[in-house]
Structure formats: C-alpha cells, structure tokens
Protein chains: 2
Amino acid sequence: MAEKVTIMDVARAAGVSRQTVSNTLNSPQVVREETRRHVLEVIQRLGYRANQAARQMRTGRSRLIAIRIDPGGDGISGSVLDTFLHGLTESAARAGYRILLYTAADDRSEIATFEDLLGSYEPDAFVLTATHHDDLRTSWLLERRLPFVAFGRPWSDLPGARHSWVDVDGAAGTAAATRHLLAAGHRRIGFLGWPPGSGVGDDRRAGWARTLAEHGLPADGLSRAVEDGVESGARAARDLLAAGGEVTALVCASDSLALGALNVADALASETGHLTGRPAPGTPLPTTASETTPQTGPETTPQTGPETTPQTGPETASGMPGAVSPGRRPVAVIGFDDTPVARAVGLTSVRQPLGEAAAACVALLTRALGSAGPPVEHVLLEPSLTLRRSA
Amino acid sequence: MAEKVTIMDVARAAGVSRQTVSNTLNSPQVVREETRRHVLEVIQRLGYRANQAARQMRTGRSRLIAIRIDPGGDGISGSVLDTFLHGLTESAARAGYRILLYTAADDRSEIATFEDLLGSYEPDAFVLTATHHDDLRTSWLLERRLPFVAFGRPWSDLPGARHSWVDVDGAAGTAAATRHLLAAGHRRIGFLGWPPGSGVGDDRRAGWARTLAEHGLPADGLSRAVEDGVESGARAARDLLAAGGEVTALVCASDSLALGALNVADALASETGHLTGRPAPGTPLPTTASETTPQTGPETTPQTGPETTPQTGPETASGMPGAVSPGRRPVAVIGFDDTPVARAVGLTSVRQPLGEAAAACVALLTRALGSAGPPVEHVLLEPSLTLRRSA
DNA sequence: AGGCATGATTTGATCGTTCAAAATGGCCGA
DNA sequence: TCGGCCATTTTGAACGATCAAATCATGCCT
C-alpha cells in the first residue's frame, strides 16, 4: 500500500508545528513568507495531501457534490446528461470538488437518498436535473436550507420555491431554428412537441409560436403534441403534412421527434420523385461547410476556460452515389439537443451549451458554499444552431 | 440544517454505551438479542446513520469507488459508458458503496489523479475502462497493490499484468452476427473494423474471421480496417462493395462504422432500383417482432437482481409510406454496441450486457475488498444480437 | 525601562467512529 | 465462599485534520 503522509510528518520534516502546516495551506496570509515557502517545499517533497475525512470531521465540509444518474429513456437524449456530467466533473475538480453519483426512481426515493447521503457522506451540495412542476425535491431541500442548484428552471412560480438554477433558453433555441427556416424562405413552419404541462416542452413550443407571430404568420393547426419517440414523431409528422396546411418545414422539441419527422420527409420525397434533393438519407453533406454553428443572438455565455472536448471534426466526403442531380428541397426538419443521432443522420439541431451550463452550476454552488454573494442566482444560457443537411 | 444524530445520541436514548450501538451495526453476534433489537429500534426512531468520515478515519475505508468519465469521441458510443455508469452506481449502492467521478486526458494524468484521490478521498477501489495495450494505469495500480477491476481485458500478456477484469466477448458477438447472416443465406460477408493493434478491434474481427473459417468460407479481401467514424465507415463500405467480391452483408466493429455502411447500402439500393426493399431508410419495421434479442450461446450471465431500466418497448408502426412493394434485400449490415443511433435508424447490432458487466465489477471488487476469495478473477460475458431491419 | 499592540507560531481540544482492552455480572464447580 | 470462565457491556485511545486560545517574539510609544 502507499505510505501515508500526515500533517505531522510534514511538520516534523519542516521543523514546525501541525498548525503552521495547516495554515500554509488554508490561511497563507498568517504565515511568514519564508516559513510558508519552506513548508510548501516540504509538502511538495513528501507528496502530502490533506486527508479529506479528517478535514471533513473538523470542518463539516466534504467537498462532495452529489448528482443523480439515470438510465435515460430511449437513450437518444441520454448523451445530454452524459456530456453535462462530464463538464460538471471537470468544473468541480477545478474548484476542488468531486462528483458523487446516486440513482433514484422518482422524487420520493430521491429524497430518501438525500437523507441517506446527508447522514453518511454529507455532500456539500446537490445538483438537480430534470426539474418539473411541483418538484418535491426542491421544496424538501429548501425547507432544510440545503445548498443545491437545479439544471432546469423551477417550472412553477410558487412563492417559496425560489432557488438557484441554471438553464438553457429553449424558447430562444426554437426561435433561432424558426428564424433560420424563415430566412431560408419557408413560410409554413410546423412544430412537433410534447403534450402541454411539461415546462421544457411548453417553453420550446413558445419560442416557435412567438417567432411566427413576430413575423405576422399564423400558427393555427401547425402544431402537434405527442409523447417523445421516433415513431410518434413520424406519426405526428405524417399527420401534420397530410393536413393540407402546405407545411414545408418542421421544428421539433427533440431529436427523437425530429428523426421520426426526417424519416417521413425523406419517404415522401422519394415517393414524389424528389429523392435526389438530398444526397442520400443519413449521409453527410459533401461540403465541409455543412456543419456550422452560427450565433443565435448576443452570446451571454460566461468564459469558463478551454473545453477540452475532442472534436471529430466535420466529416469530409468523397463520391456520393446518392447525389445524382440537384432538386428542390423536401420538408426541412430541425431537432433539439444536437445528440449523436443528429450528427449521425445529418439533422440540423439546437445545441445546448452543456459545458458552460455545468460550469455555471459549479460557480453558483461554490459561491453559495463560500457564503459570499447572494444565495439565490439564475443563469440562462443561449443555445446555438448546428446546421446540417436536414435544414 | 438537518439536526445531526451521532452514535452518542443513540447510546443515550437507548441507555447503552457507544460501543454497543456500534456493535449492533457492525458485529451483531456479540450483542445480546434483546439489546440488539432495542438499539435497532432507537436507531430507526432517531434516523441515525453512521458518519462516513469518522468511520473512514478509524477504519481506513471510504466505501467509495472511483471511475473516470470522459467526453466520448463522436458520442455515438458514448452511451455505452453512460449505461455502464448507471449500472455501476446501482450495483455499488446495493453493496454499500458510492461512485466517485474524475476526468483525465490520458494515462499519465489519470495516474496523477490516482495519487491525488488516494491522498485525499481515499477511494477503496478503482474501475478502469478503455484498457489498452501497455496500459500504464494497470501496472501502476498493481505495483502498489491497490484494488481495482478493469472493464475490458488486459490486451497484453505481460507476466506481471494479472488483475481482475470483466469483459464482454466481442468475438462471440461478431461470430453471432456472422452466423445470423449465414443463416439468412448470405455467403459473402465482409467486415468493417479498425486498424490492427487495438485489442477490442482485433477481437471483434477475429470472431467474424473464425466463423467464416468454421463454415469453410474464404475471408480474403473481405475485410477493411479504418478509423472509427460514420464517414470512414461509408468510404470503407463503398470500397469493399465496389471491389467486385459480391459482398452481400457487412459485420461492423461499431455502430458508427455500421451507420456509414448502412447509408451506402441504402444509396446503392435506391440507385439500382431496389429502393423498396426497406420501408424507408431510418424507419422501424412495421412488425412488432422486429426487435428481438435471441440468445447467442450458453448464457453465463450471473443473476444480478432486476434491472430497472425502463424499456420504451418496440415501436409500433402504422402506415409506412416507403414500403411500396417487397423487393430483394440490399446489403445487410450489423453494428456493434446497440447504441441509441442503432435503435433510431433500425440497425441490427450486437448488444453488450452492460448492467451485468457493472454488477460483475462490483461483485469482484467487494469480494477483493472483503479479502475473501481469490484476489484475481475474470468474468467474460456473452453479448446478444438485437435484430432490426438492417439484417 | 516597562507596558502594550502586533505578528508568528504553538498547544489543547474536538469532530464521530471503531479498535483494543478492561470491567461487570452471572453461573458453576471446588 | 471463592476463583475462574464466559457472555456482555463499557471505557480509553486513536484516526488526522482544524478551531480557538495560549504562548512567544518583536518593535514602538511613553
């Protein structure tokens, strides 16, 4: 096993007391410059690291942030949590925190886990995801004045339900998508979303509706509300396109719905002879300019250091057997979340700045835990549009 | 804040000493039955939970398992780690452990993180993923006799590099895929994989090659080795299909490659008039039997309790505009990992039993940490084939 | 020179648990 | 009645850090 180096080992080696070593690390300003340097040198040499358990016992802080990981539905948008989690781990590490995972089936069992964790590992804070109407978790945490941030707005305006949150402006995302389609000449733009009641879904629909209204275009009958899923998206798209509204483009609340819609659009195109409009279903565009992310408005994203996500880079293409002759575009489709599926099938999609969101969560938490600054803060980030062949 | 309940609070309330409370929890056999029951009742009533930091200080065990989370390339197979992580969190919780996350860019920085963590949070064990040839991490951990399991075999047979691992038999997966294609009548079955040298990739290619050999079929010129990615998969598929080998089916080392191949296959089909062979690219089969997972051999998977992953269920379908008339099948394609992308585009794929793998990792670790059983054990799990429209 | 504020460092106590050893009490046989 | 043994329970010490208070220098002012 690795030999343990305690604060006493360092103290002895440096010829000072425990407390001076502790002070050089935690309150450098009270230690004489020369002593400080010497102690730091010894710490370095011995490879000393403060034992977290002992520190926690005395200070009551674990430097642990807990977050739930869940299986994630059909998995298509599962990568969203995945990416967020990675960003969170990275940002937390920079701030001296570590991420602790737990699972829970519903609000009730999640609260039970809160109690369990608080009694044993004593995480300093929680990060909540998938907030919803009448979220039991937020009220439970608020009642006990436990520090937490939600990734997602509180979708109810109960007076006491004020807490810190970070979110991505879904409405701005669908608005940008809609504006992009308008700029491309589309005038009958439909929306595929979820049944009313989900905060996220309503928000995304609102962005589309608002933008149409701003351009003096009617939205009546151009919207469908179905459960999330590829096939329900396909059904809804068929229904909407057959309704006689002459819809030429679709904005969708998720990549799952969008993928279903895209399948329908491609099928219709091949049926009506427009097959060659796109190179081949699911094949990337032959130009390197096919994958771009234009700004969707004033970028308020805070600078959070370099994101080290290795980019695969836009795929280059050689001979495209499907691209025979240029034809008129079939129904344009835009998804939401820019999941791997979207990249794989060439679906234009709204991308959430997940790395920035994670960094913002950590920033809010550390500020709250450091007891500096206001206890309740909000950060609303702008998404961007990743353009691909589908729109 | 939540009122803290210590072991002394319980002791006082129950009219016994600290140690008796401790014993009721940790060594029940030394406590008189009646006392034990009484103390347990008080513990329940007060909601006592042993403070992990204090316990860790005394025992030296943190009940923490550390694992790396990484961004995950193009994201398509990112969901693999995601699912594994969820299973790990669940299995670990059942065994009384929690999962701690960290990030690292490469082996060197991961080892630096080991040192950091071991000096501060003192995780009891590590779970390594993405093991590779000459893995610096395993040798580092082995030298220090630190407990760990690798999800992935050690892809080098250095004498000293013996450690516990859990893996999925990739060769068995590609073999099953190949057998499935053979049973469907295919005789010229190609393979799209990665350049030689990666253990995982070589293993998957071997399963395909072995199966062809077993059936007395030649494999010469039927294999391509390219970097992972949708477009490189497409290129390799075009190359292989144009080579004049009359290839009618493709087994691929990943869903990314398979997706590229599928795009090419679909494009070729529409070029040669076979378009209607499949309902519509990216559309699920209209039958509910389309998504099945046959056994691929003697199932050695250990029983690990109910996996609570909510299944979306096989998608049902209504009118399929693309399915005009039944035609001859175009090139069949099978992927690997059964990612969300595969489900979304209807790609038949080899599924890894990730929940079982995670459970096996935890089982191996707890056994090693409990110092019962042999310190080095191996678990090799059988993957299964998820059938969809692509093969 | 003595008192005193200031800066730097050290000492004592404590967090909550478990290990190890000591204490208690009942029962038995001599 | 006493010692010994066993089962059960209690007490003392320790894990490694930080907080709070005490101590030790040092310089300055009166």
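Labels below follow one simple rule: chain letters A, B, ... track the order of the sequence lines, proteins then strands, and each chain is numbered from 1.
- DNA chain D lies under 4.0 Å from no heavy atom of any residue of residues 27-39 of chain A.
- Between B/D124 and B/R63 no salt bridge is recorded (no basic side-chain N to carboxylate O distance below 4.0 Å).
- The ring pair (Phe, Tyr, Trp, His ring centres under 6.0 Å) check on B/Y97 picks up nothing, with sequence neighbours excluded.
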Distances for protein N/O vs nucleotides 10-14 of chain C N/O pairs under 3.5 angstrom?
{"unit_1": "C/dT10", "atom_1": "OP2", "unit_2": "A/S17", "atom_2": "N", "d": "2.9"}
{"unit_1": "C/dT10", "atom_1": "OP2", "unit_2": "A/S17", "atom_2": "OG", "d": "2.9"}
{"unit_1": "C/dT10", "atom_1": "OP2", "unit_2": "A/T20", "atom_2": "OG1", "d": "2.7"}
{"unit_1": "C/dG12", "atom_1": "N7", "unit_2": "A/R18", "atom_2": "NH2", "d": "3.1"}
{"unit_1": "C/dG12", "atom_1": "O6", "unit_2": "A/R18", "atom_2": "NH2", "d": "2.5"}
{"unit_1": "C/dA13", "atom_1": "N6", "unit_2": "A/R18", "atom_2": "NH2", "d": "3.3"}
{"unit_1": "C/dT14", "atom_1": "O2", "unit_2": "A/R58", "atom_2": "NH1", "d": "3.3"}

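- Nearest approach of B/V16 to B/V39, heavy atoms of both residues: CG2-CG2, 4.1 Å.
- Within the 4.5 Å cutoff, the side chain of A/D167 has no heavy atoms near those of the A/L381 side chain.
- Contacts of A/D9 classified as salt bridge (Lys or Arg N to Asp or Glu O under 4.0 Å), with partners at least two apart in sequence or in another chain: A/R12.
- Contact of the B/L142 side chain with the B/F148 side chain is registered, since non-hydrogen atoms from C-beta on lie closer than 4.5 Å.
- Residues A/E115 and A/W140 are in side-chain contact: their nearest non-hydrogen atoms beyond the backbone lie under 4.5 Å apart.
- With sequence neighbours left out, B/R137 forms a salt bridge (Lys or Arg N to Asp or Glu O under 4.0 Å) with B/D107, B/E110, B/D135.
- Residues forming a ring pair (Phe, Tyr, Trp, His ring centres under 6.0 Å) with A/H378 (at least two apart in sequence, or on another chain): A/W165.
- Under the ring pair (Phe, Tyr, Trp, His ring centres under 6.0 Å) criterion, B/Y48 pairs with no residue, sequence neighbours left out.
- For B/E33, the salt bridge (Lys or Arg N to Asp or Glu O under 4.0 Å) partners are B/R36, B/R37, not counting sequence neighbours.
- In summary, the side chains of B/S109 and B/D106 do present a donor paired with an acceptor at a separation below 3.5 Å, with no hydrogens or angles considered.
- Atom-to-atom, CE of B/M8 to P of C/dT18 comes out at 14 Å; the value is rounded to the nearest Å.
- Using a 4.0 Å cut-off on heavy atoms, the residues of residues 42-56 of chain A that approach DNA chain D are A/Y48, A/R49, A/A50, A/N51, A/A54, A/R55, listed by number.
- Helix-axis bend for the helix from C/dA1-D/dT30 to C/dA30-D/dT1: the local axis fitted to the five terminal pairs at one end deviates from that at the other end by 80°, rounded to 10°.
- Where DNA chain D meets chain A (any atom under 4.0 Å from a heavy atom), the bounding nucleotides read 5' to 3' are D/dG16 to D/dA20.
- Under the salt bridge (Lys or Arg N to Asp or Glu O under 4.0 Å) criterion, B/R45 pairs with B/E41, not counting sequence neighbours.
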Checklist entry - Does the pair A/L101 and A/L85 meet the rule for a side chain to side chain contact (heavy atoms under 4.5 Å, CB included), with working shown? => result CA-CA 10 Å; A/L101 293 182; A/L85 209 51; 4.2 Å; yes
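- A/Q52 and B/E122 form no side-chain donor-acceptor contact under 3.5 Å, judged by distance and modelled atom types alone.
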